[in-house]
Structures are given as structure tokens and as C-alpha cells.
Amino acid sequence: MAVSIKSDREIGLMREAGKILAEVHARLGEQIRAGISTLEIDRIGEELIRGYGCIPNFLNYNGYPATVCVSVNDEVVHGIPHRKHILREGDIVSLDTGLIYKGYHSDAARTHAVGTISAEAQELIDVTRQSFFEGIKMARAGNHLNDISSAIDRYLTSRGYGVVRALVGHGIGTRLHEDPQIPNFTQRRKGIKLRPGMTLAIEPMVNMGSWEVEWLEDDWTVVTADGSLSAHYENTVLITEGEPEILTLV
């Protein structure tokens, strides 16, 4: 497994890619409301990314037809935007998108409430976000990859949530997906030792019910097998000599 270590120059470019993506997500989040279509969200996302002089890295990636993965309620990830898919009061919606800035990728996801949602749905969103922060407490040079995975898993399973196993986080840099893969559940092996200069996309995907998922006929959209709600939270993270640096937070 060849995990790339970024130079100071590369880290500077990834910081800028992350900062821009954080701003895109903040502005996209302001658009979430009942009555908007998932296709309109995608259109706005692409317009924002190109407005910053960047390239949408999801668009046409392995054939994916959009800039923003818009996943609603029981859709875990990779929901394909559509003009007839309209957000409704009480929905939750995950937006996963990324961009390329001067050859370097960033990747992040957020789950939003549409209007007023149930207390259970809000707790799912909050716990999913917090599980990311539990994970990156362990994202320090000298620790192993499984320290991150185990911290996320312990936090979520102790609260009764299903941690998706079919999809994982990843390294990121000049390619959207680089080594290593980063599971959100405990592994038998310790995994690689973390080193300064590694850049990782850490992304818990969390179901209110079972961890099991299924793919729809479009071969992209992943849904919970039991129809329960799902949430997603992701940031691009830099391993440093000390505290990890989150590149995709404003």
C-alpha cells in the first residue's frame, strides 16, 4: 500500500482546496428547504464550485452523472439528483461533494434537516457528526489507522446505531480516492501507522437501524436495507506533528 506523504507545497494547495469546499458547503446548506429539488441543489453546487475557479471532481467520476451526491432519508450515499425529487418538511438530506483546485482534491459531506425534523432524526445527524470528531481524536502521527476506525465504531455502537460497512473513507490528494481505505468500524489489524503529511477523507455513514445496505437499480444510490434513516459526515483531514488539521471546515 503506497500512502502518499504531501510536501509543504502540496499541503498548501490542499488547504486551499479544502477552504473553498468548506465555503461551498456553507452556501449550499443555506439552500436547503422544503420545495427545492435535488437537481436544483446539484445545479447550485456546480455553479458555486466553478465560480471559485475549481472543477467538480464527482461529475462523471466513474460515470456518476452529477456534481453533488444528494441522499435523502434512507439513502445512505450517492443519491443521484433529479428534478422530480423534491425535498419535504421533515426530511433529512446528505450532501456529499468535492472539487479540484490546481490539481488537488478535497471531499466533504454534511447532513441537513429540512425544516422541522423529529428528535430522533436530529440525534442521528448530531451523533454522526460527533462520531467523526471522536475518530479524529486518534488521527495523530504514531497512531494506527484502526485507532480512528475503532473510536468511531465504539462511539456509535454504544449508542445503538448501525455503522455502514460496505463503504469506507479514503486517502485523498492528486486523486479523489487514494490509499488507504478508512473503515468506520473496528478492524482485526492495526493498519498503517499514521505519518505527518498524510491527507485522509474520514466519513462516518450511520444508520438509525441496521448497518446493512443495498444498491438501487441505478447502480449508484445506496439505501438502508431496513428503510431506516441514514446520515453522513465527512471532512478532509491532514495528519500533522500534533493535532490533526481539518481542511474542509470554515
Side-chain angles (χ1 to χ4, degrees), residues 1-22 25 57 77 96 98-110 126-159 161-206 211 231-250:
M1 180 187 298
V3 179
S4 66
I5 303 296
K6 275 66 175 185
S7 67
D8 288 345
R9 181 190 70 85
E10 290 178 304
I11 289 168
L13 292 169
M14 291 202 66
R15 280 196 180 108
E16 189 62 24
K19 178 186 174 187
I20 294 169
L21 183 57
H25 263 294
N57 54 7
V77 285
D96 185 6
L99 56 82
I100 307 169
Y101 171 80
K102 295 186 178 179
Y104 285 82
H105 291 255
S106 56
D107 187 5
R110 306 283 186 263
D126 295 342
V127 165
T128 299
R129 183 179 187 277
Q130 184 59 34
S131 73
F132 165 87
F133 288 98
E134 295 299 317
I136 68 159
K137 289 176 183 177
M138 307 306 294
R140 301 180 68 103
N143 284 350
H144 289 83
L145 197 63
N146 190 48
D147 294 325
I148 299 173
S149 303
S150 294
I152 293 170
D153 194 0
R154 279 195 305 271
Y155 178 79
L156 291 166
T157 55
S158 70
R159 286 159 177 76
Y161 291 94
V163 184
V164 173
R165 292 169 175 261
L167 301 135
V168 297
H170 51 92
I172 185 170
T174 55
R175 291 176 291 125
L176 176 57
H177 292 110
E178 298 184 351
D179 285 335
Q181 291 194 343
I182 308 168
N184 298 302
F185 52 97
T186 303
Q187 304 295 290
R188 292 181 180 176
R189 297 181 178 177
K190 293 191 295 184
I192 62 164
K193 185 175 284 189
L194 301 175
R195 295 170 54 195
M198 290 181 175
T199 43
L200 310 173
I202 300 171
E203 51 176 323
M205 291 155 274
V206 184
W211 57 266
H232 185 198
Y233 187 81
E234 175 185 20
N235 282 302
T236 300
V237 176
L238 170 68
I239 304 299
T240 74
E241 297 284 357
E243 294 286 334
E245 182 179 342
I246 303 173
L247 302 181
T248 47
L249 276 181
V250 176

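Met205 places a side-chain heavy atom less than 4.5 Å from the side chain of Val77. Residues Thr128 and His232 are not in side-chain contact: their nearest non-hydrogen atoms beyond the backbone lie 4.5 Å or more apart. Using a 4.5 Å heavy-atom cutoff, the side chains of Asp153 and Asn184 are not in contact. Counting heavy atoms from C-beta on, the side chains of Arg195 and Ile239 never come closer than 4.5 Å.
Rounding to the nearest 0.5 Å places CZ of Arg175 at 12.5 Å from CD1 of Ile100. In this structure, Tyr101 OH and Lys19 NZ are separated by 9.5 Å, a value rounded to the nearest 0.5 Å.
Using modelled atom types, one finds no donor on one side chain facing an acceptor on the other under 3.5 Å when comparing Thr236 with Asp107. Residues Glu178 and His170 bring no donor and acceptor atom of their side chains to less than 3.5 Å of each other. Residues Arg129 and Asn235 bring no donor and acceptor atom of their side chains to less than 3.5 Å of each other.
Taking the six-membered ring where the residue is Trp, Phe132 and Tyr233 present perpendicular rings, their angle passing 60° and hence far from 30°.
Judged by the 6.0 Å and 45° rule, Arg159 forms a cation-pi pair with Tyr155.
The pair Arg154-Glu134 does not meet the salt-bridge criterion, since no charged nitrogen lies less than 4.0 angstrom from a carboxylate oxygen.
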